[in-house]
There are 2 protein chains.
Amino acid sequence: MKKSDERLKSRNIKPTAMRELVLKILGEQDVAISLPELEQKFEKAERTTLYRTLKTFEENKLIHSIDDGTGSVKYALCNETCQCHPKDLHVHFLCSKCKQTYCLNDIPVPSVNLPTHFTLENINMVVKGICSNCHK
Amino acid sequence: MKKSDERLKSRNIKPTAMRELVLKILGEQDVAISLPELEQKFEKAERTTLYRTLKTFEENKLIHSIDDGTGSVKYALCNETCQCHPKDLHVHFLCSKCKQTYCLNDIPVPSVNLPTHFTLENINMVVKGICSNCHK
DNA sequence: AAGTTCATGCAACTGAGTTGCAAAGTTATT
DNA sequence: AATAACTTTGCAACTCAGTTGCATGAACTT
Ligand SMILES: [Mn+2]
Ligand SMILES: [Mn+2]
Ligand SMILES: [Zn+2]
Ligand SMILES: [Zn+2]
């Protein structure tokens, strides 16, 4: 059995041709990508199918989404053990020059003390600035 | 001269009737509001004018925007001394029950150590959970 | 084989945000 | 006060990401 199939099955996602292909593409990226960007990686793409594929992946925590404020939500693979709990989260970085969105997997989201009677479910932390590539 | 006029002028914004009205409405909110929500606060609203008013306000740092991932950007008044620098920033909170977005003005955005050659311009930190109101 | 379930493809739609342009209003100049 | 220059507002049209309904097709179950 394919490695990608196992990865899908480990998240309870039925491996179809489409899903394997999307997983492969996501694995090739070193930055997070949006649905429109994913669409462009296909000759003849079916927006809806890709949309639903991403949704299935996200619901099953194979990928996570990042709202970086650019108007299109970005997606990136979770690591194999990720459960998308607050303790699993990392910081994201949007370069204001090249517009790429990076997963800073080594930088955990700092904990915050909320006011009384506010409870935490999730955190989206996006740092904006200039990436190392654009500084060269 | 009106207090609102002074507030506008202190940010180099010409005080017009529309702008005073929008500023007044923003001052009355205890949560951040979106353009569509602002629109609904008027009988007969001109979306474009409100849009441009918010843009002008934001460019001149009278208000700041929050992308809370709900699909519509929220806006809230800056405090009088705010320059929207990273050190001026505070955490925002989106309640997943009532969908309100709060400015947690007392909770500064924690500093993060970025990888080498990444420079910081801005941070958007949105905590999602249940607000105190929804816990009652 | 027939039935059931799930995935895909297509079309149509929603809703936030944005732009161009003309009309109205404001401010400066003569 | 009249004119010119500039700014704000109103309207219409548009873009684009995301989403839904429904029909078709594939895979799996009995
Ligand atoms: Mn990430
Ligand atoms: Mn705020
Ligand atoms: Zn960059
Ligand atoms: Zn709430």
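A, B, ... follow the sequence lines: proteins, then strands. Residue 1 opens every chain.
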Participant: Measure the distance from CD on Gln40(B) to P on dG15(C) and round it to the nearest whole Å.
Facilitator: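 About 11 Å, once rounded to whole Å.
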Participant: Taking the six-membered ring for Trp, are Phe57(B) and Tyr75(B) closer than 6.0 Å centroid to centroid?
Facilitator: no
Participant: Measure CD/Glu20(B) against P/dT8(D) and give the value in whole Å, please.
Facilitator: 14 Å
Participant: Which whole-number value in Å describes the distance from Lys9(A) NZ to dC28(D) P?
Facilitator: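 That distance rounds to 9 Å.
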Participant: Return the value, rounded to whole Å, for the distance between atom CD of Glu46(A) and atom P of dT8(C).
Facilitator: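 That distance rounds to 11 Å.
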Participant: Figure out the CD1/C1' separation between Ile13(B) and dT9(D), and round it to whole Å.
Facilitator: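 Those two atoms, CD1 and C1', are 16 Å apart.
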Participant: Please classify the nucleic acid contact of Thr16(A) as base, sugar-phosphate, or nothing, using heavy-atom distances under 4.0 Å.
Facilitator: sugar-phosphate
Participant: Test for a donor-acceptor pair under 3.5 Å between the base of dA17(D) and the side chain of Ser34(A), counting only N and O atoms.
Facilitator: no
Participant: Quiz question: going by heavy-atom distance under 3.5 Å, is there a donor-acceptor pair between the base of dC10(C) and the side chain of Thr48(A)?
Facilitator: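 Result: at least one qualifying N/O pair found.
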Participant: Counting just side-chain N and O atoms, does Tyr51(B) come under 4.0 Å of either OP1 or OP2 of dG17(C)?
Facilitator: no
Participant: Quick one: pull up CE in Met125(A) and CG in Leu104(A) and give me the separation to the nearest 0.5 Å.
Facilitator: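 The distance works out to 10.0 Å.
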Participant: Using whole Å, report how far CZ of Arg47(A) lies from C1' of dG18(D).
Facilitator: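 In whole Å, dG18(D) C1' lies 8 Å from Arg47(A) CZ.
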Participant: Measure CG/Leu35(B) against P/dG17(C) and give the value in whole Å, please.
Facilitator: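 So the two atoms are 6 Å apart, to the nearest Å.
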Participant: On DNA chain D, nearest-nucleotide positions of Lys44(B) versus Lys14(B): which is more 5'?
Facilitator: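 The answer here is Lys14(B).
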Participant: What is the distance, to the nearest angstrom, from the NZ atom on Lys55(A) to the P atom on dA17(D)?
Facilitator: 17 Å
Participant: Tell me, with the steps shown, if Lys97(A) and Lys99(A) meet side-chain contact (heavy atoms from CB on, under 4.5 Å).
Facilitator: CA-CA 6 Å; Lys97(A) 204 167 177 186; Lys99(A) 314 292 179 199; over 6 Å; no
Participant: Under 4.0 Å, counting only non-hydrogen atoms across every strand here, what does Arg52(A) touch: a base, just sugar-phosphate, or nothing?
Facilitator: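 The answer is base, as Arg52(A) lies within the cut-off (heavy atoms under 4.0 Å) of a base atom.
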Participant: Can a salt bridge be assigned to the pair Lys24(B) and Glu28(B) using a cut-off of 4.0 Å between side-chain N and carboxylate O?
Facilitator: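 Salt bridge present between Lys24(B) and Glu28(B).
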